[in-house]
There are 2 protein chains.
Amino acid sequence: MICRALRRAIIEQALEPGAKLPEDSLGERFGVSRTIARYALGQLASEGLVELRRNRIAVVVTPSWQDARDIFDIRMDLERLIVRKIAGKLSGSQIARLKAHVEAEREAHDGPNAVSIRLATEFHIMLASMTNSPVLVRYVSEIAYRCCLTLSLFSRPHSSECGISEHIAIIEALQDGDANKAMSLMHSHLDSVANRALVEPTPARGRDLLDVLAPYAEEAT
Amino acid sequence: MICRALRRAIIEQALEPGAKLPEDSLGERFGVSRTIARYALGQLASEGLVELRRNRIAVVVTPSWQDARDIFDIRMDLERLIVRKIAGKLSGSQIARLKAHVEAEREAHDGPNAVSIRLATEFHIMLASMTNSPVLVRYVSEIAYRCCLTLSLFSRPHSSECGISEHIAIIEALQDGDANKAMSLMHSHLDSVANRALVEPTPARGRDLLDVLAPYAEEAT
DNA sequence: CTCTCTTCGATTGCATGCACTTCGGGCACG
DNA sequence: CGTGCCCGAAGTGCATGCAATCGAAGAGAG
């Protein structure tokens with residue numbers, strides 16, 4: 001499925017924010033017609049990963065700092081809801097799957113940064129899927145993916161060590177059924193990620209002219 | 001835009017859950033080609049309002065009772081987040097717009113039930129839009145629209161009087177900047193709507209064979 | 001040398017065509 | 001009367017064609 005492939009390419013930064021996505025190039029690359037490529041772009045657009053401008057080439061979105069704050073805010077809330085829902089209700093095999101995933105994260109720790117970010121993200125999606133709430137899964141996936149984009153835009157190289165140990169702590173709290181502890185752990189986990197990432201409203205010097213002028217352009221619409 | 005028109009038709013129950021939506025009929029009705037109709041169906045599907053089955057006619061979704069609970073749960077959380085964000089931060093004109101909307105709700109109170117449900121829903125979306133968070137707006141819109149569907153499926157004729165007074169109380173709490181009070185008001189407001197609506201997991205006798213067997217059918221996929 | 005205008009290639013928006021799949025009615029048969 | 005089968009009609013999945021639109025390069029003027 002071309003949609004999934006594209007999504008992953010965006011998440012892993014193979015396609016950087018701002019990258020152009022012409023329909024026929026995509027179609028040719030994936031061996032399908034423009035129709036399919038166009039449909040995939042529509043999907044990705046509705047997930048907030050690509051920007052569709054009328055009569056112009058679609059591009060990978062470039063999240064603004066403001067967007068990033070918004071998204072992290074909502075993410076906090078949703079993920080707290082998730083841990084509250086599943087604390088103490090996970091089966092043994094579910095716990096095992098979570099632990100296995102964290103193990104994979106540890107193994108990928110020395111690999112490429114984009115992969116470790118993707119794995120960390122997938123941990124959260126895995127938690128969401130254990131609520132058996134399709135809507136929750138969709139929203140958290142979407143938001144988490146967009147956080148990926150943001151992280152790789154604003155943050156310095158991701159030091160994922162602490163993230164991994166925090167994931168383990170969360171699993172333990174969930175296993176013990178301590179919802180409050182799990183919620184506060186999740187909260188501080190996301191908070192630390194956000195604070196590490198969203199250090200400044202963009203350095204503002206040395207950036208692309210386009211980026212610098214973006215806020216002014218908005219106002220002149 | 002055909003997408004908006006369709007959405008509204010679904011919300012207002014002009015198209016009941018389960019109604020078939022063939023691409024060419026839609027296209028013909030709206031004076032566009034299948035391509036456009038198909039695109040609209042895709043959008044609506046990604047919003048969870050229509051169900052797209054491969055090689056088969058698209059239909060308006062029929063939310064299950066379990067779905068309904070899920071959605072209400074998430075809605076509670078999101079709307080609490082919203083009132084927390086905007087409590088005490090609304091401008092005079094924003095307050096005025098909210099009050100005007102409630103007034104419109106009151107006027108429509110004697111009209112068709114579907115319209116008053118739609119207006120009540122739009123009140124919540126209006127609140128969301130005042131957070132200036134596009135993601136929040138999208139999610140709450142989506143969830144609220146799906147709640148519309150659910151309400152008209154499960155609830156007996158909506159007695160909207162109490163809903164209106166609760167909306168007013170929420171506006172006042174927001175105006176006073178009392179975030180906690182607004183959050184608890186919103187919570188109990190949604191809770192009462194949910195409890196009034198989601199009375200039973202479906203009466204289970206006298207229902208359509210189809211509905212009764214739905215849970216079993218899921219499992220057999 | 002720089003700025004502006006114009007023109008042409010590149011790309012999207014949308015409609016249509018064709019092959020494949022599903023649905024539903026009629027018919028034979030138990 | 002109920003059951004299974006078959007075939008035409010209807011509908012979707014996808015590719016392609018054509019017109020409209022955008023943007024970048026090149027020509028021309030200052």
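Here is the naming used below: chain letters follow the sequence lines, and residue numbers restart at 1 for every chain. Below, all heavy atoms of this structure are taken into account, side chains as well, without hydrogens, waters or symmetry copies. Since the model is a prediction, treat every value here as computed from it, not as a measurement.
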> Return the minimal non-hydrogen interatomic distance between B/Leu174 and B/Val83, and the atom names on each side.
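So the minimum-distance heavy-atom pair works out to CD2-O, 3.9 Å.
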> So which heavy atom on B/Ile2 is nearest to which on B/Ala37, and how close?
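Looking at all heavy atoms of both residues, the shortest contact is CD1-CA, 4.0 Å.
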> In terms of side-chain heavy atoms of A/Arg56, which of D/dC22, C/dA15, D/dC14 is nearest?
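Nearest to the side-chain atoms of A/Arg56, counting from C-beta on, is D/dC22.
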> Ignoring hydrogens and angles, answer whether the base of D/dG11 and the side-chain atoms of B/Arg34 contain a donor-acceptor pair closer than 3.5 Å.
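Counting by modelled atom types and ignoring angles, no donor-acceptor contact under 3.5 Å is found here.
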> A/Lys20 has an atom NZ; how far is it from atom C1' of D/dC22, in whole Å?
11 Å
> Give the nucleotide from the list D/dA15, C/dT12, D/dT12 with an atom nearest to the side chain of A/Ser33.
D/dA15
> Just the rounded figure in Å: distance from C1' of C/dC14 to CD of B/Glu23.
14 Å
> To the nearest angstrom, how far is B/Asp24 atom CG from D/dA10 atom P?
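It is 10 Å, rounded to the nearest whole Å.
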> Across the strands shown, which category fits B/Arg54 at heavy-atom distances under 4.0 angstrom: base, sugar-phosphate, nothing?
sugar-phosphate
> Under 4.0 Å between a side-chain N or O of B/Arg38 and OP1 or OP2 of D/dT12?
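No, no such contact exists.
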> Less than 4.0 Å between a side-chain N and a carboxylate O, is that true for A/Glu122 and A/Arg118?
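Counted as a salt bridge, because a side-chain N and a carboxylate O are separated by less than 4.0 Å.
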> Round to the nearest Å and state the distance from B/Leu52 atom CG to D/dT12 atom C1'.
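My rounded result for the distance is 10 Å.
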> Salt bridge or not between A/Asp77 and B/Lys85? Use side-chain N to carboxylate O under 4.0 Å.
no
> Within the pair A/Thr35 and D/dC14, is there a side-chain N or O less than 4.0 Å away from OP1 or OP2?
no
> Take atom CG of A/Asn55 and atom P of C/dT12, then tell me their distance rounded to the nearest Å.
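Those two atoms, CG and P, are 10 Å apart.
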> If we ignore hydrogens and angles and just use 3.5 Å, is the side chain of B/Arg138 paired with the main-chain N or O of A/Ser46 as donor and acceptor?
yes
> A/Leu26 CG to C/dT12 C1': how many Å, rounded?
13 Å
> Identify, between B/Leu21 and A/Ile36, the residue whose nearest nucleotide on DNA chain D lies closer to the 5' end.
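Closer to the 5' end of DNA chain D: B/Leu21.
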> Taking atom P of C/dC14 as reference, at what distance in whole Å does atom OH of B/Tyr39 sit?
10 Å
> Roughly how many Å is it from CD in A/Glu28 to P in C/dT11, rounded to a whole number?
11 Å
